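Keep in mind that what you see is a predicted model, and the values were worked out from it rather than measured. One is the number of the first residue; the rest follow in order along the sequence.
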Amino acid sequence: MQEQAPAPNLTSQSSPGGLGLASTQLPLTARLDSWYDSQPLPANLRLLFVPNGTEPDAQPGLRRGFEALLAAGELERYTAFPLQYEQQSARSSEVWERLIATARLDEPTVILIQHLGHGGLTPRILSDLRAAAPGATLAYHDMDPFGRGKPLPPDARLITGQADVVLGCGVTDFRQAFLRSGARRFLYAPHAYDDDRFGTAWTPSADRQFDVVFIANHNHSRLPWRRLPGAAGRVALVRLLQKRFGSKAGIFGRGWQGLGAQGPVAYSDQTAVLRSAWTSANWDYFPAEEAYFSDRLPISLAAGVSHVTTRHPGYLELFGERPGLHLCDSPESVVATVEKLIAAGEGWLIRDGEAARQFAWDNMGQHRQARALLARITSEEASL
């Protein structure tokens, strides 16, 4: 690829989208994590963190963030309790009892519990946890997308109705799913990327295997009420990329076939895959959810490659118009935008990718998410 034309005109692909249910509140309540960098945390803040994941060091990026806050004196005490990991080798009820004992010993002011599914949570356990740390704020943080086709699992429903605050990654259907389960206070908290695992330093090279890569699974349900809203659009995008770019489109993920299909990619290998191309493309399963993005967006930006993806309501307020992130209203416009980006040439693409990487570091890393979560939980921020 040779250096070509000046920057492409992408205004037709990046004009503001329509706003949904919570749009009038977005400037106040839906913010990127970087907004909280300067917000003070309460004195004598003691955190008990129950991370999502079955590994002993689940959520390592967030843990490092909390440890940094402890080292800086912004946390008086910090303990991580890997509940789901412990439940793999002991009776669930015994592990819950150990969590309650830890809360009694540590006297946390905030108990932050992440995604729960079918781990044996009961009303009595929640009552005992409350009694073990009287006065502590109980916060439930769940980054899974819920709504049509994906209901909350039983433990999530139970804790949602008892927590002081629930944090989720969308403000329309996702929010409603938590409110229906009894959430008292719901706050927006966007996805972030682990900045040790992704977005590592690199010198951009002109040696790229693909013009565009796509990383996502093809999840198909024969039951109409279980089909995700953006599933058809995702399939359409893959077919269009294969038709337009052929073998220069790398299609990664389970379930895809045909030209360019590469099979699954390990979660931690995404940066290397993204950097094998000039651009990355995506179509979300929940394209109408206001202010929502999965961790695919920050991971893609952090890789330092131009990212073309679904425009959601509320993105203008979150992101504005910026290099590196290109928003589209249809699978067809995603492909057209990728074409324009490729036509701009190597030098322009490298600069655009570097702008994406810098924006991700400045706004969307877990080194910022750790502080932002605590600032949200302990603030008087209005509930959505």
> Can you find a heavy atom in the side chain of Y193 that is under 4.5 Å from one in the side chain of R197?
Replying inline: no

>> Please determine whether a side-chain nitrogen of the Lys or Arg among E354 and R351 lies less than 4.0 Å from a carboxylate oxygen of the Asp or Glu.
In response: no

> Between the side chains of Q84 and T54, does any donor sit under 3.5 Å from an acceptor?
Replying inline: no

> Can you tell me how far the CH2 atom of W348 sits from the CD1 atom of I342, to the nearest 0.5 Å?
Replying inline: 10.0 Å

> Are there more than 12 heavy atoms of other residues, nucleotides or ligands under 6.0 Å from atom CZ of R254?
Replying inline: no

>> Would you say that H307 contacts N282 through its side chain, given a criterion of any heavy-atom pair below 4.5 Å between the two side chains?
In response: yes

> Between the main-chain N or O of Y292 and the side-chain N or O of Y315, is there a donor-acceptor pair closer than 3.5 Å?
Replying inline: yes

> Are R376 and D33 ion-paired here, with the side-chain N under 4.0 Å from a carboxylate O?
Replying inline: yes

> Is it the case that E381 and Y36 place a side-chain donor and acceptor less than 3.5 Å from each other?
Replying inline: yes

>> Is there a side-chain contact between L83 and L116 in this structure, where contact means two heavy atoms from C-beta onward sitting under 4.5 Å apart?
In response: yes

> Is the NZ or CZ atom of R234 positioned over Y285's six-membered ring, under 6.0 angstrom from the centre and within 45° of the axis?
Replying inline: yes

>> Would you say V165 ends up clustered with L121 if hydrophobic residues are merged whenever their side chains have heavy atoms under 4.5 Å apart, either directly or through other cluster members?
In response: no

>> Between the side chains of R130 and D164, is the shortest nitrogen-to-carboxylate-oxygen separation below 4.0 Å, so that they form an ion pair?
In response: yes

>> For S300 versus S280, what's the shortest heavy-atom pair and its separation?
In response: CB-OG, 4.0 Å

>> With rounding to the nearest 0.5 angstrom, report the CZ to CD1 distance, F49 to I111.
In response: 13.5 Å

> What is the distance from atom CG of L105 to atom CZ of R77, rounded to the nearest 0.5 Å?
Replying inline: 7.5 Å

>> Could you check whether any side-chain N or O of E290 sits under 3.5 Å from a backbone N or O of A288, counting only pairs where one atom can act as donor and the other as acceptor?
In response: no

> When rounded to the nearest 0.5 angstrom, what is the spacing between OG1 in T200 and CZ in R357?
Replying inline: 9.5 Å

> Quick check: does any side chain N or O of S181 sit under 3.5 Å from a backbone N or O of L158, one acting as donor and the other as acceptor?
Replying inline: no

> How many angstroms lie between atom CG of L152 and atom CD1 of I159, to the nearest 0.5 angstrom?
Replying inline: 11.5 Å

>> Please check this pair: side chain of T310 against backbone of D284, looking for a donor-acceptor N/O pair closer than 3.5 Å.
In response: yes

> Do F198 and Y267 have ring centres separated by under 6.0 Å?
Replying inline: yes

> Is R64 salt-bridged to D194, going by a charged N under 4.0 Å from an acidic O?
Replying inline: yes

>> Tell me if a side-chain donor or acceptor on H312 pairs with a main-chain N or O of E289 at a distance below 3.5 Å.
In response: yes

>> Taking V235 as the starting point, is it possible to reach I251 by hopping between hydrophobic residues whose side chains are less than 4.5 Å apart?
In response: yes

> Are F319 and F293 close enough that their ring centers fall under 6.0 Å?
Replying inline: yes

>> If we ignore hydrogens and angles and just use 3.5 Å, is the side chain of D106 paired with the main-chain N or O of L48 as donor and acceptor?
In response: no

>> I want to check something: taking the side chain as every heavy atom from C-beta on, are K243 and V335 in contact at a cut-off of under 4.5 Å?
In response: no

> Do R46 side-chain atoms and E107 backbone N/O form a donor-acceptor pair below 3.5 Å?
Replying inline: yes

>> Quick one: does any side-chain atom of Q242 pair with a main-chain N or O of L259 as donor and acceptor, under 3.5 Å?
In response: yes

> Yes or no on side chain to side chain contact (heavy atoms under 4.5 Å, CB included) for E74 and R371, after CA distance, side-chain angles and deciding distance?
Replying inline: CA-CA 9 Å; E74 292 197 87; R371 192 177 201 287; 2.6 Å; yes

>> Using the rule given for side chain to side chain contact (heavy atoms under 4.5 Å, CB included), can you reason through D362 versus F359, listing the C-alpha separation, both sets of side-chain angles and the distance that settles it, and then say yes or no?
In response: CA-CA 5 Å; D362 289 342; F359 178 78; 5.7 Å; no

>> Let's go through M364 and Q369 carefully: what are the C-alpha distance in whole Å and the side-chain angles of both, what is the deciding distance for side chain to side chain contact (heavy atoms under 4.5 Å, CB included) to 0.1 Å, and is it a yes or a no?
In response: CA-CA 7 Å; M364 308 173 83; Q369 184 189 39; over 6 Å; no

> Do D352 and S306 have side-chain N/O donor and acceptor atoms under 3.5 Å apart?
Replying inline: yes

> Is S92 reaching over with its side chain to a backbone N or O of Q87, donor-acceptor style, under 3.5 angstrom?
Replying inline: no

> Among the clusters formed by ILVMFWY side chains lying less than 4.5 Å apart, do F214 and W278 turn up in the same one?
Replying inline: yes

> If you count the non-hydrogen atoms of other residues, nucleotides and ligands that lie under 6.0 Å from CZ in F81, is the total more than 12?
Replying inline: yes

>> Treating Q270 as the side-chain partner and I299 as the backbone partner, does any N or O pair qualify as donor plus acceptor under 3.5 Å?
In response: no

> Minimum heavy-atom separation for A177 to F146, with atom names?
Replying inline: CB-CB, 4.0 Å

>> Any non-hydrogen side-chain atom of F66 less than 4.5 Å from a side-chain atom of L112?
In response: yes

> Just how far is it from atom OH of Y140 to atom CD1 of I377, taken to the nearest 0.5 Å?
Replying inline: 13.0 Å

> So do the side chains of V212 and V308 get within less than 4.5 Å of each other, counting heavy atoms only?
Replying inline: no

> Can you tell if the side chain of L316 reaches within under 4.5 Å of the side chain of E321, non-hydrogen atoms only?
Replying inline: yes

> When you look at R104 and E97, which way does the salt bridge (Lys or Arg N to Asp or Glu O under 4.0 Å) test go after all the steps?
Replying inline: CA-CA 11 Å; R104 188 176 296 112; E97 290 300 326; over 6 Å; no

> Given the rule in the side chain to side chain contact (heavy atoms under 4.5 Å, CB included) test, do L138 and L126 qualify, once you have shown the distances and angles that lead to the verdict?
Replying inline: CA-CA 10 Å; L138 178 60; L126 279 176; 4.2 Å; yes

> When clusters are formed by joining ILVMFWY residues with side-chain heavy atoms under 4.5 Å apart, either directly or through shared neighbours, do Y85 and L62 land in the same one?
Replying inline: no

> Nearest heavy-atom pair of R63 and Y78: which atoms, and what distance?
Replying inline: CG-OH, 3.5 Å

>> Restricting to non-hydrogen atoms, name the atom on P298 and the atom on A360 that form the minimum distance, rounded to 0.1 Å.
In response: O-CB, 4.1 Å

>> Quick check: is L318 connected to W361 through a chain of hydrophobic side chains (ILVMFWY, heavy atoms under 4.5 Å apart)?
In response: yes

> Which pair of heavy atoms, one from A277 and one from R208, lies closest together, and at what distance?
Replying inline: O-NH1, 2.8 Å

> Under a 4.5 Å cut-off applied to non-hydrogen side-chain atoms, are V265 and V213 in contact?
Replying inline: no

> Which atom pair, heavy atoms only, marks the closest approach of R275 to G199?
Replying inline: NH2-C, 3.8 Å

